[in-house]
Amino acid sequence: MTTSLHDTLSGARLALEPLEPGHVRVYSCGPTVYGPTHVGNFRSFLFADVLVRHLRHLGLRVTWVMNVTDVDDKIIRGANAEGVPIGELADRWLARFRLDAAALRMTEPDVLPRATDHIPQMVTLIERLLEGGHAYRTDDGSIFFRIASWPAYGRLAKLDPEQLRVGERVEADEYAKDDVRDFALWKAPKPGEPSWDTAIGSGRPGWHIECSAMSMRHLGESFDIHTGGVDLVFPHHEDEIAQSEAATGKPFVRTWLHCAHLRLDGAKMAKSSGNITRVVELLDGGVSPRALRLALISVHYRQGLDFSDASLDAARAAIDRLDAGLAALRAYREDRPDDPTVGTIVRATRERFDAALDDDLNVSAGLATVFDLVREANRRIADRSMSTDDAVALVALLRELDTVLAVLPEEAAALPDGASDLLAARDAARTARDWPESDRLRRALLDLGVAVEDTRDGQRWRLAEPVA
RNA sequence: GGCGACGUGGUGAAGUGGUUCAACACGGCGGUCUGCAAAACCGCUAUUCACCGGUUCGAAUCCGGUCGUCGCCUCCA
């Protein structure tokens, strides 16, 4: 069994062979913290999350680094508008990002490095580029990468450097560039902008250099996997490759993974076009975080995804089915010999699931195995053909697979205050065949967020999710 | 203008040459179970994979063309 992933640079499916056997190093382009993160951003983060979770489920060690861009034009503009330092604005939105990430059950990255904490590493990298003749300084003190010095430029994005259309808006301080296509490594200080005094002069970093500096710092000059949204292919990742490999002379990244866009009303969801849905708005609006997570991960990452209320509703319904199946398994009691087919199902399901994820993260196919498992479990519950221990084994498998998907309810879900008394009272009412009281208590429990269902094993409950 | 991706049922969406190739989920219809409800289970819901032509014993899957949708070439996950 081999994990294979679609690499953007080669355009081919590559078997995952970590540079250090058994240890995979992953870098993901994270948020720019100048405002609330939208669901499109999180599609990109969550696909990396699923990748990391899957590799760990396979038993591999993974070091996952996700950068935080805390200095750029938009942050500076936002901070100036509020009259606060950029650090204050960045801290505020980084905190919000962490809340969103936790709600969506994104794995905590091993390192969440901030650009402003890595100025020395960026400076060192720029010095190496200057020494190697790959960068030059302009009259105002800015430093640019010389694209003409790097013949491989354009390989990732499949763009011919000669054909690059030059943007109409050229900033005044960039007129001094040798070539309009050259990109900024270091920007000379300007009034109203933060600036650092360094060995290469005063100023602030360009956008791309931070990812090269931080990934090298935390993962080494060559590492296994780099992820991001497709819109980062050019120029961001193209520039990262050029500046990194020009500085080190080593291959930068083994496998480039890019996820397709989320679409809203048929068009790409992007801050610049205004058609965005923010995670915090959905959560505040009562959308189930688990349904949102499922909606964002259930479509293959290289496939465009239409985000809508309907897709959330469908995800919510799918979550309900999983919850109900899990609750039914946990409530199941039958004193009988074990069902010999259960062990077979457990092994086959795990194998199919891992194979699906190994196949370029085919989450849809992986989910299909989970739902097949739920149906098999429900069948055995319905005809009472398995033992209590069999049900326990199936719950354990669901929990195991959910270490990758992370959509099942919390293991230690606690009953709201007073609910257990109501459940006991309802149980007594049912024994007395007092149906009006039983129905009244069922409604009362639902008001507390506890859904009760009656079965041969007595009543069983599960926590109702908020409406999606 | 250059480059690239995609087009599967009522909906979302797997599948990329042949043993269930049309998975899985949502929705709908019928049935079983049940004090009621819910959940669940069973059956039905695409003889067909944008359209046309070709390759092949055989294609949703490969090739060519047509139409359509989207993305990148500029900040952007």
Side-chain angles (χ1 to χ4, degrees), chain A residues 8 11 28-32 37-48 72-74 154 157-170 181 207 227-236 238 258-263 266-273 276 294-295 298-308 310-325 327-328 331 352 356 359 362-372 374-375 377-383 430 433-436 438-439 442-443 446 451-456 459-460 462 464:
Chain A
T8 307
S28 298
C29 278
T32 299
T37 314
H38 64 70
V39 282
N41 296 320
F42 262 98
R43 183 190 194 193
S44 158
F45 305 151
L46 291 181
F47 112 81
D72 89 321
D73 292 351
K74 286 168 182 158
K158 315 268 187 291
L159 290 171
D160 178 355
E162 300 301 319
Q163 300 285 332
L164 284 185
R165 210 160 58 170
V166 178
E168 281 93 56
R169 293 168 298 149
V170 179
R181 300 164 309 169
W207 174 32
T227 77
V230 278
D231 50 359
L232 295 185
V233 171
F234 192 90
H236 187 52
E238 188 72 59
H258 292 100
C259 83
H261 285 305
L262 205 62
R263 283 189 305 266
K268 166 189 169 184
M269 183 180 290
K271 290 170 187 168
S272 53
S273 46
I276 59 174
L294 183 64
S298 59
V299 174
H300 187 89
Y301 74 93
R302 286 192 288 115
Q303 182 81 33
L305 190 164
D306 275 304
F307 188 78
S308 65
S311 67
L312 272 179
D313 288 345
R316 164 68 205 284
I319 290 279
D320 277 347
R321 179 167 167 77
L322 294 175
D323 286 7
R352 273 179 67 205
D359 183 15
N362 191 338
V363 176
S364 303
L367 275 168
T369 70
V370 173
F371 284 106
D372 282 341
V374 168
R375 187 185 314 102
N378 282 329
R379 273 185 193 143
R380 284 163 175 75
I381 290 169
D383 56 25
R430 295 188 61 72
R433 303 182 69 78
D434 181 351
W435 306 131
S438 168
D439 292 349
R442 181 167 58 203
R443 282 191 299 274
L446 193 58
V452 185
E453 295 159 1
D454 299 309
T455 74
R456 229 181 96 171
Q459 60 185 3
R460 70 183 178 219
R462 60 192 159 102

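Below, chains carry the letters A, B, ... as their sequence lines are ordered, and counting in each starts from 1. Any value given below was found using the heavy atoms of this structure, including those in side chains, with hydrogens, waters and symmetry copies removed.
As judged by a 4.0 angstrom heavy-atom cut-off over every strand, Ala318(A) is placed among residues touching the sugar-phosphate backbone only. Across all strands, Asp306(A) comes closer than 4.0 Å to no nucleic acid atom at all (heavy-atom distances). Within 4.0 Å of Gly228(A), counting heavy atoms only, lie sugar-phosphate atoms of the nucleic acid but no base atom. Residue Asp383(A) is out of contact with every strand shown, counting any heavy-atom pair closer than 4.0 Å. Within the nucleic acid shown, Ser364(A) comes within 4.0 Å of at least one base atom, counting heavy atoms only. Using a 4.0 Å heavy-atom distance criterion, Leu305(A) is classed as making no nucleic acid contact. Using a 4.0 Å heavy-atom distance criterion, His300(A) is classed as a sugar-phosphate-only contact. Across all strands shown, Val299(A) has heavy atoms under 4.0 Å from sugar-phosphate atoms exclusively, and none from any base. At a threshold of 4.0 angstrom between heavy atoms, the contacts of Ser438(A) include nucleobase atoms, whether or not backbone atoms are also involved. Counting non-hydrogen atoms under 4.0 angstrom, Arg456(A) reaches nothing in the nucleic acid. Using a 4.0 Å heavy-atom criterion, one finds that Ala260(A) contacts the bases of the nucleic acid, with or without backbone contacts as well. At a threshold of 4.0 angstrom between heavy atoms, the contacts of Ala328(A) with the nucleic acid are absent.
Between A38(B) and Arg462(A), no contact under 4.0 Å exists linking OP1 or OP2 to a side-chain N or O. Side-chain N/O atoms of Lys158(A) include none lying less than 4.0 angstrom from OP1 or OP2 on G2(B). Taking only side-chain nitrogens and oxygens, Arg460(A) never comes nearer than 4.0 Å to OP1 or OP2 of A39(B). Distances shorter than 4.0 Å separate some side-chain N or O of Arg321(A) from OP1 or OP2 on A40(B). For Arg263(A), no side-chain nitrogen or oxygen approaches OP1 or OP2 of U69(B) to under 4.0 Å. Residue Asn378(A) places at least one side-chain N or O under 4.0 Å from the OP1 or OP2 atom of C41(B).
Atom C1' of G27(B) sits at a distance of 24 Å from the matching atom of A50(B), rounded to the whole Å. If you take atom C1' in G28(B) and the same atom in G9(B), they sit 13 Å apart, rounded to whole Å. A gap of 36 Å separates the P atoms of C6(B) and A40(B), to the nearest Å. For the P atoms, the distance linking U61(B) with G15(B) amounts to 15 Å, nearest Å. Taking the C1' atoms as reference points, A38(B) lies 12 Å from C33(B), given to the whole Å. Spacing between G7(B) and A13(B) at atom C1', rounded to whole Å, works out to 13 Å. Atom C1' of A46(B) sits at a distance of 15 Å from the matching atom of G12(B), rounded to the whole Å.
Interatomic distance, Arg460(A) CZ to Thr455(A) OG1, rounded to the nearest 0.5 Å: 5.5 Å. Separation of atoms CG (Asn378(A)) and CZ (Arg321(A)) is listed at 6.0 Å; rounding is to 0.5 Å. Put simply, CG on Leu305(A) and OG on Ser298(A) are 6.5 Å apart, with the number rounded to the nearest 0.5 Å. Of the inter-residue distances, the one linking Leu262(A) atom CG with Ile276(A) atom CD1 reads 11.5 Å to the nearest 0.5 angstrom.
Considering only heavy atoms from C-beta on, Thr32(A) stays 4.5 Å or farther from Lys74(A) through its side chain. Using a 4.5 Å heavy-atom cutoff, the side chains of Asp231(A) and Lys268(A) are in contact. For the pair Arg43(A)/His261(A), no side-chain contact is recorded, criterion being any heavy-atom separation below 4.5 Å from C-beta on. Arg352(A) places a side-chain heavy atom less than 4.5 Å from the side chain of Asp372(A).
For a distance-only test at 3.5 Å, the side chain of Arg43(A) fails to qualify as a donor-acceptor partner of the base of A77(B). For Asp231(A) and G71(B), a side-chain-to-base donor-acceptor distance below 3.5 Å is absent, hydrogens and geometry of angles not being considered.
Per the geometry, CZ belonging to Arg443(A) stands 13 Å off P belonging to A37(B), to the nearest Å. The separation between Arg380(A) atom CZ and A40(B) atom P is 17 Å, rounded to whole Å. Protein atom CG of Leu367(A) is 18 Å distant from nucleotide atom P of G12(B), rounded to whole Å. A77(B) atom P lies 14 Å from atom CZ of Phe47(A), rounded to whole Å. Rounded to whole Å, atom P of C75(B) lies 16 Å from atom NE2 of His38(A). When the P atom of C24(B) is taken as reference, atom CD of Gln303(A) falls 19 Å away, rounded to whole Å. The interatomic distance linking Leu232(A) (CG) with G71(B) (P) rounds to 16 Å, in whole Å. At whole-Å resolution of the value, CZ in Arg375(A) and C1' in A39(B) are 15 Å apart.
Map Ala310(A) and Val374(A) each onto its nearest nucleotide of RNA chain B; the residue landing nearer the 5' end is Ala310(A). Along RNA chain B, the nucleotide closest to Gly30(A) and the one closest to Ser298(A) are compared, and the more 5′ of them pairs with Ser298(A).
Taking the charged nitrogens against the carboxylate oxygens, Asp320(A) and Arg316(A) do have a contact shorter than 4.0 Å, which makes a salt bridge.
Side-chain proximity of His261(A) to A77(B), C36(B), C26(B): nearest is A77(B). The listed nucleotides are A39(B), A14(B), A25(B); the one nearest the side chain of Ala365(A) is A14(B). When the nucleotides A39(B), A77(B), G35(B) are ranked by their closest atom to the side chain of Trp435(A), G35(B) comes out on top. For Lys268(A), counting side-chain heavy atoms from C-beta on, the closest listed nucleotide (G35(B), A77(B), A14(B)) is A77(B).
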